[in-house]
Structure formats: structure tokens, C-alpha cells
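The basis for the numbers below is simple: all heavy atoms, side chains too, and nothing from hydrogens, waters or symmetry mates. Lettering follows sequence order; numbering is per chain, from 1. What you see is a predicted model, and the numbers here were worked out from it, not measured in a lab.
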Amino acid sequence: QQPVQSPQAVILREGEDAVINCSSSKALYSVHWYRQKHGEAPVFLMILLKGGEQKGHEKISASFNEKKQQSSLYLTASQLSYSGTYFCGTEPLIAGNNRKLIWGLGTSLAVNP
Amino acid sequence: DTAVSQTPKYLVTQMGNDKSIKCEQNLGHDTMYWYKQDSKKFLKIMFSYNNKELIINETVPNRFSPKSPDKAHLNLHINSLELGDSAVYFCASSQGYSNQPQHFGDGTRLSIL
């Protein structure tokens with residue numbers, strides 16, 4: 001089951017903050033976040049493994065609520081370079097070794113001057 | 001040094017033709033993937049190999065056949081190309097297949113005339 005990302009799109013002015021959410025209907029092992037700029041490949045941002053874990057990457061951080069099967073990506077003081085499509089990928093808690101990422105549909109973020 | 005490299009970058013061909021895309025990674029990773037990204041940006045996993053063994057084989061037409069001659073290479077052969085095959089195909093690699101960041105190649109833009 002595909003995770004649901006919200007919002008689908010967001011437009012910011014430089015310096016504003018944004019939150020992107022990723023919700024799954026399945027119990028999760030981990031949540032991955034990637035950013036893809038137009039015409040480029042997705043680039044890894046961070047992985048969150050445990051309930052309530054929060055990680056940071058420059059001014060981008062994320063949290064993972066294991067009980068709610070949700071993750072949120074926080075972008076603070078946005079920069080023009082933050083523009084792109086943000087994808088969450090979820091690893092469900094399943095038996096066996098073949099865990100695979102199930103990707104959300106992405107959130108398009110545009111940062112304007 | 002390019003970490004994950006795909007060739008060709010662009011592929012324009014006619015319906016019914018057979019084509020191959022090559023992928024090589026120099027990161028020393030043991031797991032490689034093929035993804036298809038359509039015009040709506042959805043990232044769909046197609047195949048994954050771990051140590052040359054096929055571990056993910058999604059519902060993909062059997063016209064698509066992956067081949068991994070060694071851990072550093074994963075090729076994709078497509079027979080009898082159809083209009084719906086037009087997309088960007090990304091190769092990615094990771095060390096292990098769970099909880100590991102995936103490194104993507106620049107993509108191969110396939111256009112079917």
C-alpha cells in the first residue's frame with residue numbers, strides 16, 4: 001500500500017518554513033526521504049528508523065512516529081535550492097529479507113525569491 | 001568520479017524495436033535496482049538484485065529482462081518496445097537492501113515514436 005504524502009504541492013517564499021507529511025496504512029520499519037530536482041535523479045536526504053526519532057540535514061529535519069506510521073519532513077528558512085519534488089519511501093514491517101521501498105507520489109515544492 | 005552511471009542518457013526509438021540500458025556502480029554496493037518513472041513522476045520499482053541474485057521482481061511485462069553479470073553491473077533489456085514504455089528509467093544501488101540509502105544514476109530517458 002502506497003504511503004500518502006501531503007500536501008501534493010507547496011509554494012514558498014525564500015525564508016519560509018514548510019512541513020511535508022508521509023502516512024502509511026502499514027506498520028513501518030523505516031522511512032526514507034529523497035529530493036528530486038527537475039530533470040535530475042532523486043537524491044537521498046535521510047532515513048528514520050525508530051519511533052520518535054528525529055534527524056537533521058542542513059536546515060532540513062524529519063521525525064518518525066512509529067505508532068502513527070507517519071513521518072514529517074521539516075524545511076526551515078527555505079532556500080531557492082530546496083525546490084524540487086520530495087518523496088518518502090516506506091519500508092513495511094514484514095517477515096523475510098526482501099523489504100523494499102514503497103514510494104509516495106511526491107510533494108512538489110517551489111521556493112520563490 | 002560518477003558513482004552510478006547509466007548509458008545511454010537518451011534513447012529514442014520506434015515501436016517494436018529491442019533496446020538495452022546499461023548500469024554500472026563504483027561504490028562497492030551489493031544491491032542494485034531498476035526503477036521506472038513515468039510522466040506523473042511516480043517511481044515504480046521494477047527489479048532488484050542483491051549479490052547478483054534477483055530479490056525483487058515486480059509485476060512487469062516479461063518483455064523487460066534484467067541481467068546482472070556481477071555486483072557492479074545491472075543491465076535492462078526491453079523487447080518489442082511499446083508506446084507505454086516511454087519513461088525515465090533509473091538505476092540505483094545500495095549497500096544491503098534494507099535501511100540503506102539508495103544512490104541513483106542520472107536516468108535514461110526513453111522515448112518511443
Side-chain angles (χ1 to χ4, degrees), chain A residues 1-5 8-9 20 22 27-51 53 55 57 60 62 64 66 71 83-110, chain B residues 2-7 9-10 21 23-25 27 29-51 53-60 66 87-111:
Chain A
Q1 196 87 14
Q2 194 168 53
V4 176
Q5 286 187 234
Q8 286 186 333
I20 300 171
C22 176
L28 297 177
Y29 191 75
S30 66
V31 179
H32 302 217
W33 285 98
Y34 289 75
R35 176 173 62 207
Q36 183 178 28
K37 299 198 176 195
H38 182 68
E40 298 181 8
V43 173
F44 169 75
L45 293 177
M46 62 192 81
I47 292 174
L48 299 112
L49 296 177
K50 296 180 182 179
E53 184 183 37
K55 277 196 170 182
H57 177 81
I60 301 174
F64 176 28
E66 191 179 355
S71 178
S83 294
T85 301
Y86 289 77
F87 291 96
C88 70
T90 54
E91 279 195 69
L93 261 175
I94 54 173
N97 293 329
N98 294 344
R99 290 195 179 98
K100 63 182 179 185
L101 279 186
I102 302 172
W103 296 82
L105 293 179
T107 295
S108 175
L109 177 77
Chain B
T2 304
V4 182
S5 59
Q6 294 179 230
T7 54
K9 193 170 174 124
Y10 298 95
I21 307 172
C23 179
E24 176 181 2
Q25 54 94 4
L27 296 167
H29 290 165
D30 61 4
T31 306
M32 296 184 74
Y33 311 81
W34 277 115
Y35 285 94
K36 178 181 180 181
Q37 187 172 45
D38 58 26
S39 57
K40 294 183 180 176
K41 296 259 184 179
F42 177 54
L43 268 169
K44 176 182 163 62
I45 180 75
M46 300 173 71
F47 305 103
S48 178
Y49 277 76
N50 174 253
N51 285 315
E53 182 187 345
L54 183 65
I55 59 169
I56 295 175
N57 186 0
E58 289 296 284
T59 308
V60 173
V88 181
Y89 291 84
F90 285 104
C91 175
S93 73
S94 63
Q95 182 52 37
Y97 45 78
S98 182
N99 299 329
Q100 298 298 326
Q102 294 183 18
H103 298 257
F104 284 77
D106 288 338
T108 295
R109 283 143 189 85
L110 175 63
S111 298

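To the nearest 0.5 angstrom, Ile47(A) atom CD1 is 6.0 Å from Asn99(B) atom CG. The structure places NZ of Lys40(B) at 9.5 Å from CG of Leu105(A), a figure rounded to the nearest 0.5 Å. Expressed to the nearest 0.5 Å, how far CD1 of Ile55(B) lies from NZ of Lys100(A) amounts to 10.5 Å. Atom CD1 of Ile102(A) and atom CG of Leu43(B) lie 13.5 Å apart (nearest 0.5 Å). For the atom pair CG of Asp106(B) and CD of Glu40(A), the computed distance is 8.0 Å after rounding to the nearest 0.5 Å.
Within the 4.5 Å cutoff, no side-chain heavy atoms of Phe104(B) are placed close to those of Gln36(A).
Interface remark: Glu58(B) contributes side-chain atoms only to the contact with chain A (heavy atom separation under 4.5 Å).
Scanning both residues, Phe42(B) and Gln2(A), for their nearest heavy atoms gives CE1-NE2, 2.7 Å. Pairing each heavy atom of Ala41(A) with each of Gly105(B), the nearest pair is CB-O, 3.0 Å.
With sequence neighbours left out, the ring-ring contact (aromatic ring centres under 6.0 Å, His included) criterion links Phe87(A) to no other residue. Scored by the side-chain contact (heavy atoms from CB on, under 4.5 Å) test, Ser83(A) finds Val111(A) as partners (sequence neighbours excluded).
Each of Tyr35(B), Tyr33(B), Phe90(B) was compared with Trp103(A) under the ring-ring contact (aromatic ring centres under 6.0 Å, His included) criterion, and only Tyr35(B) meets it.
Among Lys44(B), Gln37(B), Lys41(B), Gln102(B), the residue with the largest count of heavy-atom pairs under 4.5 Å with chain A is Gln102(B).
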